[in-house]
Amino acid sequence: MEEFYQKDSVLRHKSHMGIAHTRWATHGKVTRNNTHPMMSQDKAFAVVHNGIISNYRTLKSQLEKEGVRFLSETDTEVVPHLLQKFYKQTKNVEKAFVKTLSMLEGTYAVVMITQYHPDTIFCARKESPLMLGIGDEIKYVGSDFNAFIDHTKNAVIIDDEEYAILTRDRYVVKNFLTGEEIVKPITRIEWDSETSKKGGYPHYMLKEIYEQPQTILNALEVDEKALDDVAEFMTKRNTYLVGVGTTFYVAKYAKYIFARLAGRYFSSISSDEFIALSPVDRDSLVLAISQSGETYDTITALKHAQSKGAKTAAIVNVIGSTLSRMVDRVILQGSGPEICVISTKAALAQMVILTTLAMRLALKTRKMTRKQYNEALATLHEMPEIIGNVLNERSGFIHRIANQYKNIKHWLYLGRGMYYPVALESALKMKEVAYIHAEGMPGGFLKHGTLAMIDSDIYSIVFMPPATEKELYESTLSSVAEIRARSGFVLGIHFDERGKNRDLFSEELILPSVPPLAAPLLQLILAQLFAYFTATSLKRNVDKPRSLAKSVTVG
Ligand code: F6R
């Protein structure tokens with residue numbers, strides 16, 4: 001703050017305090033003017049903001065009438081201008097801050113600095129994540145622990161309608177509706193800060209794919225009581241599985257697992273469609289799945305469920321996140337920080353946890369004997385070693401084919417049964433990291449229309465179940481035959497069936513035989529790797545793909 005100077009056309013800045021935003025504004029184009037921080041006209045206040053100020057148009061036109069000239073298209077810019085206005089009236093920064101907050105509608109985590117208190121940071125939260133990092137002689141503010149986990153493991157989670165004032169040595173938290181000071185507990189983040197680093201991998205995505213054997217071990221160690229509490233809710237209630245994007249596909253996968261292992265049908269609903277679809281009431285349970293625990297759509301779905309008297313539960317990775325604190329029962333998945341914007345290891349862990357949850361439910365309702373339960377558990381415990389070996393042995397081949405087929409513009413990803421959500425999730429990986437069109441579809445859909453477009457230009461990936469799943473295997477194979485009969489290309493991801501039907505595929509990725517419970521998960525990991533290598537071959541920004549944020553905290 002004290003000293004600005006221009007060097008090599010970069011604005012450099014020497015200070016003991018600063019604020020910044022790591023992603024682009026929700027409003028306006030990708031331009032320098034729309035970049036945070038936003039400044040007041042007199043440059044006395046600087047603000048960064050995550051969320052959406054829903055009444056910014058009204059506030060903006062009011063301020064414009066009062067002579068304020070806006071420089072950006074963002075909703076955020078109203079905040080520093082309001083601060084300037086109220087500071088003029090009150091001559092007190094804290095009062096001006098609280099008054100400004102009272103004018104804002106929508107969702108926000110805002111952080112502000114001002115020349116009037118050059119050693120202080122002000123921040124506030126309403127429905128967007130915000131936390132403080134408490135070091136001895138340094139304080140941090142961030143939306144996520146990962147912003148400061150390298151420097152301190154002590155965090156204070158700010159709740160809705162709270163604001164905090166921080167200096168190097170101290171901090172205070174208050175409620176901005178009542179003005180009351182709040183004594184907040186310190187949450188200790190036990191995540192190892194080493195796991196937040198790349199550890200020799202070129203990208204976090206690759207590192208996190210390779211971490212999956214360990215992620216599964218962690219998933220198998222989640223608190224049994226937490227699982228049983230949720231299973232208990234499920235025995236008596238209509239259960240809805242909700243998530244969005246990847247976690248919706250995880251929910252879809254879980255639907256097959258609950259049907260297969262526990263003989264129960266639960267609907268899976270994308271969080272953003274939940275309010276329109278679900279007739280929830282006091283007899284319902286809504287189980288949300290979320291890596292960040294801060295996803296706006298999922299939080300909104302749960303709030304709706306709670307307003308109807310439904311019970312809620314969540315499988316969440318981030319400790320202390322909004323979702324983990326708002327539900328009746330929480331299962332912390334313990335996957336450690338997932339830094340890459342694309343979800344890989346967290347999704348796999350959720351699938352494993354949902355499998356063990358289905359097993360606990362089956363045990364409770366006597367759909368499974370203790371012996372069957374122990375066998376299924378043993379299968380899951382074998383997975384880390386199998387996955388580790390397969391990653392080492394097959395990555396070279398996947399790298400080669402990804403490079404060879406990187407210019408294919410359209411992929412069809414096909415699977416049946418539990419392989420269908422695996423196909424959907426694998427296709428999403430390809431879309432979001434490589435920016436290539438990939439459509440996930442159940443194999444059975446082909447003959448209901450899609451076959452019309454199959455020719456030698458259409459490339460498909462087919463997720464083959466093990467041949468021991470006879471019916472599923474045969475029906476998936478018939479989808480392959482339908483495509484090949486029309487000269488379509490098929491990359492088959494299949495298990496070692498001693499040469500059986502191999503001549504059907506154009507290219508094949510052969511996996512060692514594994515039990516049915518492990519098979520779809522193993523295939524998903526290879527599809528993640530295929531998307532990763534395709535993206536790196538195309539020189540995409542793998543860890544920060546365009547148009548996706550790690551936690552989508554806006555609606
Ligand atoms: C995909 C991806 C998104 C998220 C979705 C939900 O790789 O990252 O589709 O899965 O935004 O996020 P969480 O799990 O944080 O609720």
Can you find a heavy atom in the side chain of [X] that is under 4.5 Å from one in the side chain of [Y]?
| X | Y | value |
| --- | --- | --- |
| Lys139 | Leu132 | no |
| Lys255 | Phe266 | no |
| Ile209 | Tyr532 | yes |
| Leu83 | Thr114 | no |
| Met453 | Leu412 | yes |
| Leu524 | Met351 | yes |
| Ile121 | Met112 | no |
| Val79 | Met38 | no |

query: With respect to Thr31, which candidate in Asn33, Thr35, Asn34 satisfies the side-chain hydrogen bond (donor to acceptor under 3.5 Å, both in side chains) definition?
result: Asn34
Counterpart residues, side-chain contact (heavy atoms from CB on, under 4.5 Å), relative to His304 (two or more places apart): Phe274, Ile275, Ser278, Val280, Ser307, Lys308
task: Could I get the full list of side-chain contact (heavy atoms from CB on, under 4.5 Å) partners for Ala527, not counting sequence neighbours?
output: Ser426, Phe463
Checking [X] side chain against [Y] main chain: does a donor-acceptor pair fall under 3.5 Å?
| X | Y | answer |
| --- | --- | --- |
| Lys153 | Ile149 | no |
| Ser271 | Gly243 | yes |
| Asp543 | Tyr204 | yes |
| Thr534 | Lys406 | no |
| Lys429 | Ser343 | yes |
| Glu208 | Cys340 | yes |
| Ser270 | Glu273 | no |
| Lys345 | Pro337 | yes |
| His21 | His49 | yes |

field: Gln89/Phe86 under side-chain contact (heavy atoms from CB on, under 4.5 Å): CA gap, chis, key distance, verdict
entry: CA-CA 5 Å; Gln89 292 169 8; Phe86 296 129; 3.4 Å; yes
Only pairs at least two apart or in different chains count here, so list each salt bridge (charged side-chain N to carboxylate O under 4.0 Å, His left out) that has a residue in [range].
| range | value |
| --- | --- |
| residues 49-73 | Lys29-Glu73, Glu66-Lys85 |
| residues 90-106 | Glu94-Lys174 |
| residues 155-169 | Arg125-Asp160, Asp159-Lys184, Asp159-Arg325, Glu162-Lys184 |

Testing the 3.5 Å rule here: is there a donor-acceptor pair between the side chains of [X] and [Y]?
| X | Y | value |
| --- | --- | --- |
| Glu294 | Thr322 | yes |
| Thr295 | Asp297 | no |
| Thr74 | Thr76 | no |
| Thr344 | Gln212 | no |
| Ser284 | Asp281 | yes |

Can you give me the closest heavy-atom contact between [X] and [Y], atom names plus distance?
| X | Y | answer |
| --- | --- | --- |
| Pro129 | Ser143 | CB-O, 3.5 Å |
| Tyr108 | Leu101 | OH-O, 3.7 Å |
| Ile299 | Gly293 | CD1-O, 4.0 Å |
| Met205 | Val433 | SD-CG2, 3.9 Å |
| Leu130 | Ala109 | CD1-CB, 4.1 Å |
| Leu285 | Val230 | CD2-O, 4.3 Å |

Test side chain to side chain donor-acceptor pair (under 3.5 Å) applied to Lys43 - qualifying residues, sequence neighbours left out: none
statement: Sorted by chain and number, sequence neighbours left out, side chain to side chain donor-acceptor pair (under 3.5 Å) with Asn238 holds for none
message: I need the single residue from Phe122, Phe176, Tyr116, Phe45 that forms a ring-ring contact (aromatic ring centres under 6.0 Å, His included) with Phe97. Which is it?
response: Phe122
Can you name the residues that form a ring-ring contact (aromatic ring centres under 6.0 Å, His included) with [X], not counting sequence neighbours?
| X | result |
| --- | --- |
| Phe248 | none |
| Phe533 | His399 |
| Tyr435 | none |
| Tyr163 | none |

Any chance you could measure [X], atom [atom1], to [Y], atom [atom2], to the nearest 0.5 Å?
| X | Y | atom1 | atom2 | answer |
| --- | --- | --- | --- | --- |
| Arg170 | Thr120 | CZ | OG1 | 9.5 Å |
| Ile157 | Thr187 | CD1 | OG1 | 3.5 Å |
| Gln528 | Leu206 | CD | CG | 11.0 Å |

- request: Apply the test side-chain contact (heavy atoms from CB on, under 4.5 Å) to residues Lys303 and Glu127: give CA-CA distance (whole Å), side-chain angles for both, the deciding distance (0.1 Å), then the verdict.
  value: CA-CA 12 Å; Lys303 281 188 180 159; Glu127 293 181 29; 3.5 Å; yes
- request: Kindly determine whether His81 and Gln41 satisfy side-chain contact (heavy atoms from CB on, under 4.5 Å), including the steps that lead there.
  value: CA-CA 7 Å; His81 295 313; Gln41 203 154 292; 4.3 Å; yes
message: Determine whether Ile353 and Leu227 satisfy the following criterion, side-chain contact (heavy atoms from CB on, under 4.5 Å), listing intermediate values before the conclusion.
response: CA-CA 9 Å; Ile353 291 168; Leu227 289 173; 4.0 Å; yes
Exceeds 12 heavy-atom contacts within 6.0 angstrom, atom CZ of Arg282: no
Taking distance alone, no hydrogens or angles, what donor-acceptor pairs closer than 3.5 Å link side-chain atoms of residues 327-336 to residues at least two apart or in another chain?
residue : atom : partner : partner atom : Å
Asp328  : OD2  : Thr312  : N            : 2.8
Asp328  : OD2  : Thr312  : OG1          : 3.4
Gln333  : OE1  : Gln350  : NE2          : 3.0
Gln333  : NE2  : Ser335  : OG           : 2.8
Gln333  : NE2  : Ala346  : O            : 3.1

